[in-house]
Number of protein chains: 2
Amino acid sequence: MTAQRRLLVRIIQDSSRHLDVATLLEIARKQDAAIDRATVYRTIALLKEHRLIDELDLMHIEGEKHYYEAKTSRDHCHMACFRCGAIMEYVSPSFDRLKKEMVQQSGFQIRVVRLEVGGICKRCQENGK
Amino acid sequence: MTAQRRLLVRIIQDSSRHLDVATLLEIARKQDAAIDRATVYRTIALLKEHRLIDELDLMHIEGEKHYYEAKTSRDHCHMACFRCGAIMEYVSPSFDRLKKEMVQQSGFQIRVVRLEVGGICKRCQENGK
DNA sequence: ATAACTGCAAATCTTTTGCTTACAG
DNA sequence: CTGTAAGCAAAAGATTTGCAGTTAT
């Protein structure tokens, strides 16, 4: 793995936010001004293949771009607030159970799971009254 | 509602497949050759707002485009096979339960839910041996 | 040497927008 | 009349690709 790729991986892993390509590129350029958009895309493709990162759509809350996060030990759901744009994560044993059930009942071999929810977060509901 | 919009709605409702915009346009043009891509997009935006259709990504199995389906009474999950491209639907009480749990625990008001899975379908696993 | 990686620019694909004309309430 | 819808063409946004030069094995 090259230095540029290591840099990109590190940024994704260290970030608490979900990064889109433009943001990832911007951050990376602070440490390596020469890094190119194409390299970012190519690295992401690799990381996806190796299942080191997950790709998110986040209900396309802000254009059609994708967001990325380092794979965690536990799959989780993303809830995107259409009003304030906040992204919340949700982990639950029920989600794990559902996945297991899907595999058992359909024989499908799961490689990626994406559960995304769009709506209005609690705060916005209260503020919007 | 105009005739063109009714036509588009009818096509989406009657289709057993999940339609992308290009396909939807192609089908619509057989009945109204003048219909424009922009009209399709504008109609889809309306139908989404009114929650008459759901937008799917289907793990971007074939480019970045979206797919659409008429909303059914029951939310369901889509499983996309990376090998043969098949899309399978999966309905389960566990899914309903998970949604309810999410609402209760987070106070989030859900407007759209999308559970998509990518992997290898049973048939392809067997054929691929 | 050989194969993989990179930057750059151009191409592609999908979706959105501005503007003018046409239609519906 | 007045507002909404439609067609057209151009723009915008995100991602991919070809190619020539570079680096790593």
Side-chain angles (χ1 to χ4, degrees), chain A residues 1-12 18-50 52-69 80 82 85 112 114 116 118, chain B residues 1-12 18-50 52-69 80 82 85 112 114 116 118:
Chain A
M1 207 190 242
T2 67
Q4 290 196 333
R5 293 195 175 163
R6 274 195 301 276
L7 170 59
L8 292 170
V9 174
R10 201 177 326 125
I11 293 170
I12 296 176
H18 302 99
L19 299 173
D20 58 54
V21 170
T23 309
L24 177 52
L25 180 59
E26 195 189 332
I27 296 172
R29 277 194 166 145
K30 286 178 186 152
Q31 294 178 62
D32 178 349
I35 197 167
D36 191 77
R37 208 172 44 242
T39 300
V40 175
Y41 278 106
R42 292 194 264 236
T43 303
I44 283 173
L46 270 183
L47 296 175
K48 271 203 290 179
E49 273 169 39
H50 290 78
L52 296 170
I53 59 174
D54 274 323
E55 183 176 75
L56 310 171
D57 293 295
L58 299 183
M59 300 313 287
H60 305 291
I61 216 164
E62 197 191 324
E64 299 304 312
K65 64 193 167 194
H66 293 135
Y67 299 84
Y68 300 90
E69 68 178 7
F82 288 135
V112 202
R114 193 144 74 206
E116 302 196 326
Chain B
M1 209 193 242
T2 67
Q4 290 195 335
R5 292 194 177 164
R6 274 194 303 274
L7 171 59
L8 291 170
V9 173
R10 201 177 326 125
I11 293 170
I12 296 176
H18 303 100
L19 299 173
D20 58 53
V21 170
T23 308
L24 177 52
L25 180 58
E26 195 189 333
I27 296 172
R29 277 194 165 146
K30 286 179 187 151
Q31 294 178 62
D32 178 349
I35 196 167
D36 191 78
R37 207 172 45 240
T39 300
V40 175
Y41 278 107
R42 292 194 264 238
T43 303
I44 282 174
L46 271 182
L47 296 176
K48 271 202 291 179
E49 273 170 37
H50 290 78
L52 296 171
I53 59 173
D54 274 323
E55 182 176 76
L56 310 172
D57 293 297
L58 299 183
M59 300 315 286
H60 306 292
I61 216 164
E62 196 190 327
E64 299 305 311
K65 64 193 168 193
H66 293 134
Y67 299 84
Y68 300 91
E69 67 178 8
F82 288 134
V112 202
R114 193 144 73 207
E116 302 195 326

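Chain letters run A, B, ... following the sequence lines, proteins first, then strands; residues in each count from 1.
Inter-residue side-chain proximity for A/Leu24 and A/Ile44 is flagged as met; some heavy-atom pair is nearer than 4.5 Å. Between B/Glu62 and B/Asp20, every side-chain heavy-atom pair lies at or beyond the 4.5 Å cut-off. Counting heavy atoms from C-beta on, the side chains of B/Tyr67 and B/Thr23 never come closer than 4.5 Å. Looking at B/Val21 and B/Lys65, their side chains never come closer than 4.5 Å, going by heavy atoms from C-beta outward.
Ring orientation note: the planes of B/His66 and B/His60 are tilted relative to one another, at an angle of 30° to 60°.
Checking A/Ile53, A/Leu47, A/Leu25, A/Thr43 one by one against A/Leu8, the side chain to side chain contact (heavy atoms under 4.5 Å, CB included) holds for a single residue, A/Thr43.
Defined by atom type and a distance below 3.5 Å, a donor-acceptor pair is missing between the side-chain atoms of B/Asp36 and B/Thr39.
Taking atom CG of B/Leu25 as the reference point, atom P of C/dC13 lies 16 Å away to the nearest angstrom. In this structure, B/Ile44 places its CD1 atom 16 Å from C1' of D/dA6, rounding to the nearest Å. Atom pair A/His60:NE2 and D/dT15:P shows a separation of 10 Å (rounding to whole Å applied). Atom pair B/Arg6:CZ and D/dT4:C1' shows a separation of 15 Å (rounding to whole Å applied). What separates OH of A/Tyr67 from P of D/dG13 is a distance of 14 Å, to the nearest Å. Rounded to whole Å, the distance from CG on B/Leu24 to P on C/dT15 is 11 Å. We find that CG of A/Leu46 is positioned 18 Å from P of C/dA3, with the value rounded to whole Å. To the nearest angstrom, P of C/dT15 lies 10 Å from CG of B/Asp57.
Distance CD/A/Glu55 to CZ/A/Arg114: 5.5 Å, rounded to 0.5 Å. Expressed to the nearest 0.5 Å, how far CG of A/Leu58 lies from NE2 of A/His18 amounts to 6.5 Å.
Regarding contacts with the backbone of C/dC5, every side-chain N or O of A/Gln4 stays at 4.0 angstrom or more from both OP1 and OP2. Here A/His66 reaches the OP1 or OP2 of D/dT15: one of its side-chain N or O atoms lies under 4.0 Å away. Remark: A/Tyr41 is not in phosphate contact with D/dT16, judged by side-chain N or O atoms under 4.0 Å from OP1 or OP2.
Within residues 30-39 of chain B, the residues approaching DNA chain D are B/Ala34, B/Ile35, B/Asp36, B/Arg37, B/Ala38, B/Thr39, by heavy-atom distance under 4.0 Å.
Between A/Arg5 and B/Lys65, it is A/Arg5 whose nearest contact on DNA chain C lies nearer the 5' terminus.
For the residue pair A/Ile12 and A/Leu19, the shortest heavy atom distance occurs at CA-CD1, 4.1 Å. Scanning both residues, A/Ala28 and A/Ile35, for their nearest heavy atoms gives CB-CG2, 4.1 Å.
The B/Arg42 side chain lies nearest to C/dG18 when the options are C/dG18, C/dG7, C/dT15.
In this structure, A/Gln31 contributes its side chain and A/Leu7 its backbone to no donor-acceptor pair below 3.5 Å.
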Q.
Protein within reach of the bases, or only the backbone? For nucleotides 20-25 of chain C, mark each nucleotide 5' to 3' as B, S or -, using heavy atoms under 4.0 Å.
A. ------
Pairwise N/O distances under 3.5 Å, protein to nucleotides 20-23 of chain D:
none

